[in-house]
Structures are given as C-alpha cells and as structure tokens.
Protein chains: 2
Amino acid sequence: MSNTRALPLLEPEVSEAVAPCCPPLTERPLSAEEAERTARMFKALGDPVRLRLFSLVASHEGGEACVCDISDVGVSQPTVSHHLKKLKEAGLLSSERRGTWVYYRVEPSVVAAMGQMLGSAMS
Amino acid sequence: MSNTRALPLLEPEVSEAVAPCCPPLTERPLSAEEAERTARMFKALGDPVRLRLFSLVASHEGGEACVCDISDVGVSQPTVSHHLKKLKEAGLLSSERRGTWVYYRVEPSVVAAMGQMLGSAMS
DNA sequence: CATCTATGTTGACATACATCGAAGCAGCGA
DNA sequence: TCGCTGCTTCGATGTATGTCAACATAGATG
C-alpha cells in the first residue's frame with residue numbers, strides 16, 4: 001500500500017542518507033516519511049550478522065576493512081556479500097575496489113545521525 | 001556454532017536488556033552473543049510503525065503516553081498493540097496500567113546504551 | 001589468451017514478520 | 001448485574017528476509 005512508486009533505491013550512497021535526517025526521537029513524533037527513512041537505517045543494524053560485520057569494519061584499522069578480512073561471522077561468503085550490500089544501501093557503509101580486493105568503510109555522518117536521534121533521549 | 005565455554009554469566013533473561021550491553025561499535029568487533037542481543041534492540045526500531053510509536057511515546061508529555069493517545073499511525077489498533085509489545089520485549093518501553101488506560105514509557109538507560117554504541121565518536 | 005582468486009549476483013527455499021478481523025480480558029459506570 | 005470501552009491475544013494470510021549452492025564477473029598472473 002502506499003506510495004514508493006519511484007523509490008530511488010538506485011544510488012542512495014550519493015547523499016540522501018547522510019543529510020539531516022530527523023530530529024531526536026524525543027523532540028516530536030516522527031512523520032510517516034521520516035520514520036520510513038530512519039527505520040531503514042535501524043533495520044540495517046537489526047540483524048546479528050550485519051551488526052557484527054558493521055562493528056568489524058568500524059573497529060578495523062583505518063576505519064575500513066577488506067572483505068578478505070571477514071571470514072568468521074558464521075555464514076557463507078555470498079551471505080556476507082549480501083549483508084554488506086544491505087549496509088551499503090542503508091548508507092552505513094561505502095565500498096571501494098582497490099585492485100583485487102574490495103574495501104568497506106563506515107559512513108561516519110550517518111552513524112552520528114543515528115546516535116543523535118538516540119543520544120539525547122533522556123529527558 | 002557452539003562456543004560458550006563456561007561463560008560466567010548470570011541468567012540472561014532476567015535483567016538482560018537494561019544492563020551495559022556492549023562497547024561502542026568502533027571499539028572492537030562484537031561477539032556473536034553481543035550482536036544477537038544488540039540486534040534485537042535495533043531491530044525493534046527497524047520498523048517504521050514502531051519507530052513512530054516510540055518517538056510518539058518518547059516525545060509525549062512526561063515521557064509517557066497512553067495507548068489511547070495513539071490512533072493515527074496508519075495501522076489497526078491490534079497492530080499497534082502488537083508493536084508496543086515488541087518494543088517492550090526489546091526493553092525500550094515499559095508499560096503500566098492505570099485504571100482504564102495503559103501507559104507506555106521510554107526506558108532511558110536502554111536508549112542511552114544504544115546511543116553510546118553509535119555516537120561515542122562525536123560529542 | 002588461459003586461468004586462478006576474490007566478490008558479487010541469481011534462484012530457490014524455509015522462516016520470520018507485519019497486518020488484519022474476531023474473540024477474549026479488564027475496569028468502569030448505570 | 002449488565003453492558004460499555006480500552007486494550008491484548010489468537011488465528012490466518014501475504015510479504016519480506018536470511019541463507020545457501022551455483023553461476024557470473026573483475027583483476028591479476030602466467
């Protein structure tokens with residue numbers, strides 16, 4: 001139902017997600033659209049495997065990690081690739097191919113935006 | 001999949017959700033168990049309806065809201081109840097019956113913990 | 001060009017989840 | 001006591017999602 005005829009899922013990495021997404025959750029009720037957009041980011045971290053992948057990249061040296069560094073999250077390689085794609089689509093990670101390997105890195109502004117929505121949530 | 005060699009942890013279900021769950025995501029890779037537990041909280045906010053419900057409660061006067069205050073999120077009332085239950089199970093909300101109405105309120109420590117996992121890299 | 005390694009994509013499948021209507025409970029008031 | 005209102009639970013259903021094996025693609029290397 002509702003909407004999303006031409007949902008621009010094509011290139012979210014450009015800017016969209018980084019932008020001033022939403023106010024703190026305690027400030028005012030989110031609109032349907034705000035919730036839709038924000039939920040996509042939280043949902044990306046709502047899977048144990050993705051959460052491990054994300055923290056693996058985030059905590060890796062230089063804030064980036066090669067896929068080859070990831071091999072012990074308990075799922076097959078295609079599944080890893082699938083989850084990394086999801087994290088990228090959510091705007092939380094960006095990827096870059098350097099020769100043979102592909103490196104993923106955290107998108108700090110997006111993570112910070114999520115933190116802001118939660119961080120001042122104690123009134 | 002089985003590791004769990006003599007982890008000296010207490011019963012997880014008793015007080016699990018509120019406790020200092022995990023370090024910032026940038027500090028070190030999360031373990032499987034940490035990820036499992038944390039993902040449950042993020043997943044709870046990974047649905048647009050739940051996100052609206054949560055921000056509605058969080059932004060409501062006094063940090064709590066009656067279910068009767070919620071009627072315009074676009075889903076039926078049983079569905080609202082279902083989502084509130086999910087949020088409660090994730091430890092993000094608590095509920096209390098006062099006479100005819102049931103009031104939901106934000107659990108600040110849990111939300112703060114989530115914020116710390118994301119936002120400790122910035123002020 | 002042939003081939004090997006590193007990632008990504010596709011198709012299939014089982015499970016989880018969001019949603020609704022209907023029924024069940026709990027207070028309140030007549 | 002009866003009925004009314006607010007909220008939760010139940011059963012059913014369609015859709016989304018996580019997972020894997022098999023295949024496809026991109027660079028490097030011989």
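Chain A is the first sequence line, chain B the second, and so forth, proteins listed ahead of strands; every chain is numbered from 1.
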Suppose the criterion is disulfide (SG to SG under 2.5 Å): which pairs have a residue in residues 44-97 of chain B, not counting sequence neighbours?
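Disulfide (SG to SG under 2.5 Å) check on residues 44-97 of chain B returns Cys66(B)-Cys68(B).
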
Spacing between [X] atom [atom1] and [N] atom [atom2], to the nearest angstrom:
X	N	atom1	atom2	answer
Arg97(B)	dC28(C)	CZ	P	9 Å
Asp47(A)	dA16(C)	CG	P	13 Å
Trp101(A)	dT7(C)	CH2	C1'	13 Å
Glu36(B)	dA16(C)	CD	P	12 Å
Lys43(A)	dA16(C)	NZ	P	17 Å
Glu89(B)	dA16(C)	CD	P	14 Å

Counting neighbours of CD on Glu33(A) that are heavy atoms of other residues, nucleotides or ligands and sit closer than 6.0 Å, is the number greater than 12?
no

Positions of residues 75-86 of chain B (non-hydrogen atom under 4.0 Å from DNA chain D), listed by number
Gln77(B), Pro78(B), Ser81(B), Lys85(B)

Show the nearest heavy-atom pair for residues [X] and [Y], with the distance to one decimal.
X	Y	answer
Ala58(B)	Leu25(A)	CB-O, 3.7 Å
Glu34(A)	Pro29(A)	OE1-O, 4.4 Å
Phe42(B)	Leu45(A)	CB-O, 3.5 Å
Ala90(B)	Ala44(B)	CB-CB, 3.6 Å

Which is the 5'-most and which the 3'-most nucleotide of DNA chain D that has an atom under 4.0 Å from a heavy atom of chain B?
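The footprint of chain B covers dG6(D) to dT9(D).
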
Just to verify, what does Glu96(A) make a side-chain contact (heavy atoms from CB on, under 4.5 Å) with, not counting sequence neighbours?
Arg98(A), Arg105(A)

Sugar-phosphate, base or nothing in reach of [X], heavy atoms under 4.0 Å:
X	answer
Tyr104(A)	sugar-phosphate
Lys88(B)	nothing
Arg50(A)	sugar-phosphate

May I have all residue pairs that pass side-chain hydrogen bond (donor to acceptor under 3.5 Å, both in side chains) and include part of residues 42-59 of chain A, sequence neighbours excluded?
Arg50(A)-His83(A)

For residues 66-87 of chain A, pull every pair meeting salt bridge (Lys or Arg N to Asp or Glu O under 4.0 Å), keeping only residues two or more places apart or in separate chains.
none

